[in-house]
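Note that ligands are numbered from 1 as they come in the structure, with each ligand's atoms numbered from 1 the same way. Nothing fancy with the numbering, it's 1 onward along the sequence.
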Amino acid sequence: MEKREQLYEGKAKQVYKTDDPQLLIVSYKDDATAFNGLKKGTITGKGVINNQMSNRLMQRLEKGGVPTHYVQELSDRETLVKRVTIVPLEVIVRNIAAGSFSKRYGVEEGTPFAQPTVEYSYKNDDLGDPLLNSDHALALKLATPEELALIRKYALAVNEQLKAFWTSCNVTLVDFKLEFGRLEDGSIVLADEISPDTCRLWDSATGEKLDKDRFRRDMGGVEDAYQEIMRRLTSHNEKE
Ligand code: TMP
């Protein structure tokens, strides 16, 4: 499948058309941003890791009954995906308090929840991706009630499957962000990426951060953390 004209360039990926109107090619960059693009940098090798990790995890989720946009990995950085219209919601699932939850509600980072917490924000950079609830999402006509129910169900299913997978890699899945899209026939699939850019992943034994928080918080060891989390995933897959 050949790359045709560029359709879109985001903060971390480029998206290209192909000869098939229902298929696109995404190309993962090493560019990293945080705080709605205010902080900019490069994480060398990130594009390759995020491409491969996202693809491995989406293939797993497909087998576990969650439909995704994934079609085929084309190269280190490029993947063929189904064309979707993105539902403009960032769907966040949290198992442990961290990040904006800890800040907003004054809860110490690392405090576990009795059950997963699903949270939505409005995917709108001009507004700074504001937090919203499902009634807000309906008022803004971002999704139908049926779509919202399905998105919540899929998000919780993703959490259960990824939590178990990462536990077997000695990694704690703290929280993550998902995006969903609509195929041409209107059906909802998981889209975007699942990577250390979009998840908080802590070493189960030491609590060491193995994700993009090292970049957001200027902690150093960013490239090493991405390589370490990929190594954990790869060695797990080899054991299966
Ligand atoms: P938060 O605690 O900053 O709201 O982040 C929750 C999760 O969502 C965390 O795993 C990082 C991820 N995330 C993104 O993928 N993109 C974003 O723009 C933000 C703010 C968070």
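No side-chain donor from either of Asp20 and Thr18 sits under 3.5 Å from a side-chain acceptor of the other.
Cluster membership check: Met53 shares its hydrophobic cluster with Phe215, using side-chain heavy-atom separations under 4.5 Å among Ile, Leu, Val, Met, Phe, Trp and Tyr. Val66 is connected to Ile194 through a chain of hydrophobic side-chain contacts under 4.5 Å among Ile, Leu, Val, Met, Phe, Trp and Tyr, so both are in one cluster.
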Atom pairs, nitrogen or oxygen, ligand 1 to protein, under 3.5 angstrom:
from: ligand 1; atom 1: 2 (O); to: Arg94; atom 2: NH1; distance (Å): 3.1
from: ligand 1; atom 1: 2 (O); to: Arg94; atom 2: NH2; distance (Å): 3.3
from: ligand 1; atom 1: 2 (O); to: Ser100; atom 2: N; distance (Å): 2.8
from: ligand 1; atom 1: 2 (O); to: Ser100; atom 2: OG; distance (Å): 3.3
from: ligand 1; atom 1: 2 (O); to: Arg200; atom 2: NH1; distance (Å): 2.9
from: ligand 1; atom 1: 4 (O); to: Arg94; atom 2: NH2; distance (Å): 2.9
from: ligand 1; atom 1: 4 (O); to: Ser100; atom 2: OG; distance (Å): 2.5
from: ligand 1; atom 1: 5 (O); to: Arg200; atom 2: NH1; distance (Å): 3.4
from: ligand 1; atom 1: 10 (O); to: Asp175; atom 2: OD1; distance (Å): 2.6
from: ligand 1; atom 1: 10 (O); to: Arg200; atom 2: N; distance (Å): 3.4

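In this pair, Phe165 and His236 present their aromatic rings perpendicular. The plane angle is above 60°, beyond the 30 to 60° band.
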Under 3.5 Å donor-acceptor pairs involving side-chain atoms of residues 96-106, not counting sequence neighbours:
from: Ser100; atom 1: OG; to: Arg94; atom 2: NH2; distance (Å): 3.0
from: Ser102; atom 1: OG; to: Ala98; atom 2: N; distance (Å): 3.2
from: Ser102; atom 1: OG; to: Val107; atom 2: O; distance (Å): 3.0

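In summary, of the residues considered (Gln14, Lys3, Gln72), a side chain to side chain donor-acceptor pair (under 3.5 Å) with Glu78 occurs for Lys3 alone.
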